[in-house]
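The sequence lines fix the lettering, A, B, ..., with proteins before strands; numbering per chain opens at 1. Just so it is clear, the values below take in all heavy atoms, side chains as well, and ignore hydrogens, waters and symmetry mates.
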There are 2 protein chains.
Amino acid sequence: MKTSTPSSSIEDYVKVIYSFTEWQDKPITSTRLAQRLGVANSSVSEMVRKLKDQGLVDHKPYSAITLTGDGVRLAVSMVRRHRLIETFLVQELGYRWDEVHDEAELLEHAVSDTFIERMAAKLGNPLRDPHGDPIPAADGSVQVPAAHRMNELDAGHTGRITRISDENPELLRYLAAEEIDLDAEVEVLGRRPFGGPLVVRIGSGGTPREFDLAEEVASALWVHSEDAHAGCSVTGP
Amino acid sequence: MKTSTPSSSIEDYVKVIYSFTEWQDKPITSTRLAQRLGVANSSVSEMVRKLKDQGLVDHKPYSAITLTGDGVRLAVSMVRRHRLIETFLVQELGYRWDEVHDEAELLEHAVSDTFIERMAAKLGNPLRDPHGDPIPAADGSVQVPAAHRMNELDAGHTGRITRISDENPELLRYLAAEEIDLDAEVEVLGRRPFGGPLVVRIGSGGTPREFDLAEEVASALWVHSEDAHAGCSVTGP
DNA sequence: CTTATTGTTTCGGTATGCCTAAAAATTATC
DNA sequence: GATAATTTTTAGGCATACCGAAACAATAAG
Ligand SMILES: [Mn+2]
Ligand SMILES: [Mn+2]
Ligand SMILES: [Mn+2]
Ligand SMILES: [Mn+2]
């Protein structure tokens with residue numbers, strides 16, 4: 001069973017399932033999906049059945065939910081839309097990086113393929129969005145940079161910030177105020193005693209400064225280490 | 001009874017009611033509204049009741065439908081959205097004027113006020129859209145140029161094209177191919193015998209050329225005459 | 001003025017997508 | 001291995017927005 005054009009709800013479900021496994025690989029469950037989407041568990045159960053009928057997910061009752069090939073294709077195209085729109089809002093309309101997510105969440109369902117491709121062309125086919133998330137190419141291929149959460153790094157580790165989780169707008173505003181941005185050089189100095197905040201040196205542009213980062217902040221920052229062999233994994237098309 | 005944020009359907013209903021009386025003043029009936037919206041008459045009856053409950057229209061069963069003050073305000077803001085989006089698509093993303101309507105029809109419901117105002121600023125607060133339709137200001141005031149349909153003009157009349165109906169995309173493509181554009185100077189030469197096509201001289205940019213225009217074409221072109229007293233009517237805020 | 005014709009509304013029904021509460025399956029604890 | 005806790009699904013409902021068919025009003029025609 002398939003539908004000509006998926007509804008915006010279906011697009012969001014598939015996108016959230018995909019995004020969940022993008023920076024880690026625990027498979028997604030009904031409850032987590034419900035949390036991410038802000039709906040009741042029962043709504044997810046019903047919707048997952050519909051997604052299965054349409055061939056977008058594989059699902060056995062009471063187990064995890066995974067995307068089919070068609071599901072991945074749809075999800076990747078939605079992720080491309082979302083991130084291109086975010087980039088466009090920042091670059092062309094002067095949005096701040098903490099303002100773009102909600103707008104993109106709606107626009108991604110409303111614009112045509114033509115709109116997306118003209119926008120991409122105008123932006124010069126960017127490879128990442130304002131938060132460092134990779135923008136899938138039009139053919140569906142994705143380049144995910146190899147990166148680790150800053151809070152998981154040992155003292156002495158150096159690298160560059162390659163991604164900043166866009167889940168919490170307040171955190172983004174805090175980082176902007178502190179001028180912590182993508183591509184800033186980072187050195188992990190250590191931890192305050194008794195599992196205290198992470199101490200790091202960050203030099204974005206000017207002189208490097210030291211920061212005591214709370215766990216929530218450090219875990220939102222993804223660092224790409226600079227050793228020669230750290231590449232990036234390419235998926236698809 | 002009122003709703004916090006009107007649904008896209010309600011926005012479209014109100015916008016169509018408003019637009020119907022923008023270039024002429026027959027009041028709109030259920031059937032015509034249904035035709036414009038592409039829905040069944042029965043759907044309009046139900047929806048008009050809802051619009052009335054929300055204080056957006058006045059309506060006595062079996063008679064015409066008119067907007068209340070609130071209805072006009074909502075409609076004008078939707079018209080502003082629609083036309084700014086059309087203008088943006090043409091100016092910033094290289095759309096042709098026959099491609100913008102459908103895209104704007106969806107986007108107008110999806111973008112935020114912030115988006116609209118940043119777009120307007122970037123475009124320099126334009127006063128008309130790619131088809132010459134006036135763009136209401138943010139405060140709700142509208143400047144409608146005084147204009148007449150070309151097919152209603154007598155021989156000898158001169159003026160400039162100030163508006164081109166965007167209802168028929170094919171007609172827009174035809175006009176673009178013939179390089180008939182907004183602001184072109186026009187002189188009505190007369191009619192072919194027995195109620196035949198209208199003969200006009202149009203000079204858009206280069207040398208004036210003569211055209212035999214079918215009724216459908218001539219009635220889609222609105223001409224602003226150049227005599228001193230022709231102004232424009234301002235409505236609102 | 002009475003009967004057609006046309007326009008409009010009401011009625012019953014469908015498709016989405018969400019909810020709460022109850023039932024069922026799974027997993028954890030004893 | 002049996003019971004308790006948690007997760008997931010099912011059941012019954014609600015809101016929105018549409019439809020076709022039937023009922024009802026308002027005109028038009030005879
Ligand atoms: Mn979305
Ligand atoms: Mn992002
Ligand atoms: Mn619309
Ligand atoms: Mn227009």
Residues at least two apart in sequence or cross-chain that pass ring-ring contact (aromatic ring centres under 6.0 Å, His included) with A:H131, listed by chain then number, are none
Atom pair distance, as rounded to whole Å: NZ in B:K50 and P in D:dC18:
9 Å
Whole angstrom value for the distance that separates P of D:dC19 from CE of B:M47
11 Å
Does A:E99 have any side-chain contact (heavy atoms from CB on, under 4.5 Å) partners at least two apart in sequence or in another chain, and if so, which?
A:Y95, A:R96, B:R118
With a cut-off of less than 4.0 Å, is there a side-chain N or O of A:S9 near OP1 or OP2 of C:dC18?
yes
Could you tell me which residues satisfy side-chain contact (heavy atoms from CB on, under 4.5 Å) with A:P197, sequence neighbours excluded, listed by chain and number?
A:R192, A:D212
Heavy atoms within less than 4.0 Å of DNA chain D: which residues of residues 32-39 of chain B have one? Give them sorted by number.
B:G38, B:V39
Pairwise side-chain contact, A:E216 with A:N168, heavy-atom cut-off 4.5 Å (strictly under)
yes
Those residues that, when tested against A:R49, pass salt bridge (charged side-chain N to carboxylate O under 4.0 Å, His left out) (two or more places apart):
none
Sort and list the pairs that fulfil salt bridge (charged side-chain N to carboxylate O under 4.0 Å, His left out) and have at least one residue in residues 142-152 of chain B, not counting sequence neighbours.
none
Indicate, with a heavy-atom threshold strictly under 4.0 Å, whether B:A40 touches base, sugar-phosphate, or nothing.
sugar-phosphate
Just to verify, what does B:D154 make a salt bridge (charged side-chain N to carboxylate O under 4.0 Å, His left out) with, not counting sequence neighbours?
none
Quick check on contacts: within residues 14-24 of chain B, what sits under 4.0 Å from DNA chain C by heavy-atom distance?
none
Expressed in angstrom and rounded to an integer, what is the separation of B:I28 atom CD1 from C:dG7 atom P?
15 Å
How would you list all residue pairs meeting salt bridge (charged side-chain N to carboxylate O under 4.0 Å, His left out) that involve residues 19-44 of chain B, not counting sequence neighbours?
B:E22-B:R83
N/O (side chain, B:T31) to phosphate O (OP1/OP2, C:dT8) under 4.0 Å:
yes
Protein-nucleotide distance (A:I65, atom CD1; D:dT7, atom C1'), rounded to Å:
12 Å
Using the 3.5 Å cut-off, write out each protein N or O paired with an N or O of nucleotides 9-13 of chain C and the distance between them.
from  : atom 1 : to    : atom 2 : distance (Å)
C:dT9 : OP1    : B:H59 : NE2    : 3.1
C:dT9 : OP1    : B:Y62 : N      : 3.3
C:dT9 : OP2    : B:S30 : OG     : 2.7
C:dT9 : OP2    : B:S45 : OG     : 2.8
C:dT9 : O5'    : B:S45 : OG     : 3.3

Rounded to whole Å, please give me the gap between CG in A:D53 and P in C:dT16.
11 Å
Considering only residues two or more places apart or on different chains, which pairs with a residue in residues 54-79 of chain B satisfy salt bridge (charged side-chain N to carboxylate O under 4.0 Å, His left out)?
B:D70-B:R73
With sequence neighbours left out, the residues meeting side-chain contact (heavy atoms from CB on, under 4.5 Å) with A:E215 are A:N151, A:R191
Do any N or O atoms from the side chain of A:R81 and from the backbone of A:V111 form a donor-acceptor pair under 3.5 angstrom?
yes
